[in-house]
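Have a look at the structure below before the remarks.
Naming convention: chains lettered A, B, ... in sequence-line order (proteins, then strands); numbering from 1 in each chain. These figures come from a predicted structure and were not determined experimentally.
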Amino acid sequence: MSVRVRFAPSPTGYLHIGGARTALYNYIFAKAMKGSFILRIDDTDLERSKKEYETSQMNDLKWLGILWDEGPDKPGDFGPYYQSKRLNIYKKYADQLIDQGLAYYCFCSEETLAAKKEVLVEQKLAPHYDGTCKKIDPQVAHKKVEGGEVATIRFKAPIKAYTFVDKVRKEVTFPAEMVGDFVIVRANGFPVYNFCSTVDDWLMKITHVIRAEEHLPNTLRQLMIYEALGATPPEFVHLSLLVGADRQKLSKRHGATSVTQYRDDSILPNALVNYLCLLGWSHPTEKSIFFIDEIIECFNLDRFIKTAAFFDVQKLQWINGQHLRMLSNEDLVSAMEQIVSSRHGADHGFNQQNLDWKLICVELFKEKIESFKEMLPMIEDLFSQDVFVSADLKEILEWESTPLIKTYITGEVDNLVNQGRIFANESDFSKWSSHIKKELKIKGKFLFKGMRAILTGRDHGADLKVLSTLTPLTTIQGRISNLPG
RNA sequence: GCUCCCAUCGUCUAGCCUGGUCUAGGACAUCGCCUUUUCACGGCGGUAACAGGGGUUCGAAUCCCCUUGGGAGUACCA
């Protein structure tokens, strides 16, 4: 039997990094087993589901390279892939369970239920439904419903213990009477997660349910439903949780938790995938930088660990830096063109230069950064006449030698500008430094730091020789005039 | 409260199933050095962990029990 797995997000928010990780492992497992990865939209929560979120989640999955074989926009043999379009299916099986005496209509109002629960909680008893409506004759109940009375459908939870084998946690046993009769169809006719998800997983022939650990307790209810349906449950793989700094389940209050935010922050999809793979799962050879295809080749369900993992942005950044350095300069140029344009418009100085200039520029800066975003200020700086008077810069400017360099460079730069030159080239730079060395007798740090201070108005930065040839001469003139003293 | 799950450096983890090779390995972060006449990258090195207590055993990070701590669930959310 070929492997079929699914990712079933509910469109009630943007794609969460925890969700992305779950989707990723499902995808990788499907590919590793040459099976199918199915995307199903679990949109049975009418109030909270939004089309906007659905679209956004699908886009983020695609951006990460997590592509589905069957899904809302990719018909397969088991559609439709929206739960909201499968209502008749759930109705059929709910009715079947009622006919078989495995479920019953419940006419209790939410207020009644809340009151009953309160009493039980006060008595420190498990707040299970008391079974009032279970006693109603099915014929009578049926008539009431036909007569228009509002009812939910409750599942008769068998009183016995359930044991199943989780791929990560091994054998897990839920004792008898852990849950009471639970609702499977709401009063508004919409089914509840545990019911429709089980029906769908069964009908869609899902072989492995890979999901977050928070669903572990749900497995009990689902096991009961599989049993009632006469279906064989799939294999379960409960992934450890992603937690924040306080070790609690990662949520919005922990800061950036949606894929979209990292995407906007110019994190590379390959880097995010790489990092996500390493949270709760480890590479057989402890490799830490890789691409998704390499994981598909060596993926193994046995390498999950049970402990919750903290999402460490610092490590993500480092991984991003590693992936960034594997990019070609051409890739970097087009990425930076986009970023610069979206920030400053297409006519920014960077975008006006030729390709050679741009290639040299990204080559110069790429070693210094971990994400595209960090290159933006460096590029902006190239065209900025502002100077940064740090304590170090101040000291450099106070050296006896520096004013000599300033006078000389000023003359040289003015000269080139008068000749109509836009940039200096490397031989200009060589000429300047050898002049300062030989004629002005300035050497060592006085030479290089002094030149940097005058040419850039900064005490540190990228390789000066290259940097000088990338900076417009007029910018250099501006900086010199902005220098104090 | 009840049920379930979890417990190795600050963080992510290897090792655990199939006890000895673990004076516990790697990576991020951090610190130091080298490289770079700056910064970064890179290289080298340092600091840093088996939650506690009982067993079992010749021997336990590894197996068992208890304690403690943490987490999740306990919905007509998913």
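- Here the separation of C6(B) from A51(B), taken at their C1' atoms, is 13 Å to the nearest Å.
- Counting heavy atoms from C-beta outward, His16(A) and Leu250(A) have side chains that approach closer than 4.5 Å.
- Comparing U38(B), A27(B), C4(B) against the side chain of Phe174(A) picks out C4(B) as the nearest.
- Residue contacts shown for Lys366(A) are absent, as no nucleic acid heavy atom lies under 4.0 Å away.
- Annotation: G15(B) and U8(B) have their C1' atoms spaced 9 Å apart (nearest Å).
- One finds a salt bridge joining Lys116(A) and Asp130(A) here, because a Lys/Arg side-chain nitrogen approaches an Asp/Glu carboxylate oxygen to under 4.0 Å.
- Comparing the P positions of A60(B) and U67(B) gives a spacing of 24 Å, expressed to the nearest Å.
- Nucleic acid contact class of Asp463(A) (heavy atoms, under 4.0 Å, all strands): base.
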Within the 4.0 Å limit for protein heavy atoms, which parts of nucleotides 6-18 of chain B are touched? Write it as a string from 5' to 3', B for base, S for sugar-phosphate only, - for none. SS---SBSSS---
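- A61(B) is unpaired under the Watson-Crick or G-U wobble criterion, no partner having all donor-acceptor distances under 3.5 Å.
- Within 4.0 Å of Leu241(A), counting heavy atoms only, lie sugar-phosphate atoms of the nucleic acid but no base atom.
- Between U74(B) and Lys117(A), no contact under 4.0 Å exists linking OP1 or OP2 to a side-chain N or O.
- If you check every strand for non-hydrogen atoms under 4.0 Å, Cys196(A) touches nothing.
- The side chain of Thr152(A) approaches C76(B) more closely than any other nucleotide in the set A72(B), C76(B), C41(B).
- A cation-pi contact, defined as under 6.0 Å to the ring centre and within 45° of the axis, is absent between Lys91(A) and Tyr93(A).
- Comparing C63(B) with G19(B), their C1' atoms sit 8 Å apart, to the nearest whole Å.
- With rounding to whole Å, Leu15(A) atom CG is found 14 Å from A78(B) atom C1'.
- Using a cutoff of 4.0 Å between basic side-chain nitrogens and carboxylate oxygens, Glu227(A) and Lys160(A) are scored as salt-bridged.
- The nucleotide U56(B) finds no pairing partner, because no Watson-Crick or G-U wobble arrangement with both distances shorter than 3.5 Å includes it.
- The pair Asp246(A)-Arg253(A) counts as a salt bridge, with a side-chain nitrogen and a carboxylate oxygen less than 4.0 angstrom apart.
- G1(B) is paired with U74(B) under the Watson-Crick or G-U wobble criterion, all donor-acceptor distances under 3.5 Å.
- Of all nucleotides listed (A78(B), A72(B), C5(B)), A72(B) comes nearest to the side chain of Gln248(A).
- Regarding Leu467(A), its CG atom lies at a distance of 16 Å from the C1' atom of U37(B), rounded to whole Å.
- The side chain of Val192(A) sits closest to C76(B) out of C41(B), C76(B), G73(B).
- Among the protein residues, Ser197(A) comes within range of no part of the nucleic acid, since none of its heavy atoms lies under 4.0 Å from any strand.
- With salt bridges taken as basic N to acidic carboxylate O contacts below 4.0 Å, one links Arg40(A) and Asp200(A).
- Taking side-chain N and O atoms only, Gln222(A) has no distance below 4.0 Å to OP1 or OP2 of G73(B).
- Pairing of U30(B), defined by two Watson-Crick or G-U wobble distances under 3.5 Å, is identified with G46(B).
- When heavy atoms are screened at a 4.0 angstrom cut-off, Arg458(A) is found touching no nucleic acid atom at all.
- If you check every strand for non-hydrogen atoms under 4.0 Å, Glu47(A) touches nothing.
- Taking atom P on both C64(B) and G69(B), the two are 22 Å apart, rounded to the nearest angstrom.
- Salt bridge Arg479(A)/Asp386(A): absent, no basic N to carboxylate O contact under 4.0 Å.
- Candidate nucleotides G71(B), A78(B), C4(B) were compared by shortest atom distance to the side chain of Pro175(A), and C4(B) ranks first.
- A salt bridge does not link Asp95(A) with Lys92(A): every distance from a Lys NZ or Arg NE/NH1/NH2 to an Asp or Glu carboxylate oxygen is 4.0 Å or more.
- Nucleotide A51(B) forms a Watson-Crick or G-U wobble pair with U67(B), both donor-acceptor distances falling under 3.5 Å.
- For the side-chain contact (heavy atoms from CB on, under 4.5 Å) criterion with Tyr27(A), the lone passing option out of Ile292(A), Leu39(A), Leu61(A) is Ile292(A).
- Here Asn218(A) lies in heavy-atom contact (under 4.0 Å) with a base.
- Rounded to a whole Å, the CD atom of Gln322(A) is 6 Å from the P atom of G42(B).
- Listed pair Thr44(A) / A78(B) meets the phosphate criterion, a side-chain N or O lying under 4.0 Å from OP1 or OP2.
- Nucleic acid contact class of His238(A) (heavy atoms, under 4.0 Å, all strands): none.
- Across all strands shown, U21(B) remains unpaired; no Watson-Crick or G-U wobble contact has both distances below 3.5 Å.
- The aromatic rings of Trp281(A) and His283(A) sit perpendicular, their planes meeting at an angle over 60°, well past the 30° parallel limit.
- Note on Glu374(A): nothing from the nucleic acid sits closer than 4.0 angstrom, heavy atoms only.
- Regarding Asn194(A), its CG atom lies at a distance of 13 Å from the P atom of G73(B), rounded to whole Å.
- With a 3.5 Å ceiling on both atom-pair distances, U35(B) lacks any Watson-Crick or G-U wobble partner.
- Residue Ala462(A) is classed as a base contact, given a heavy-atom separation below 4.0 Å to a base.
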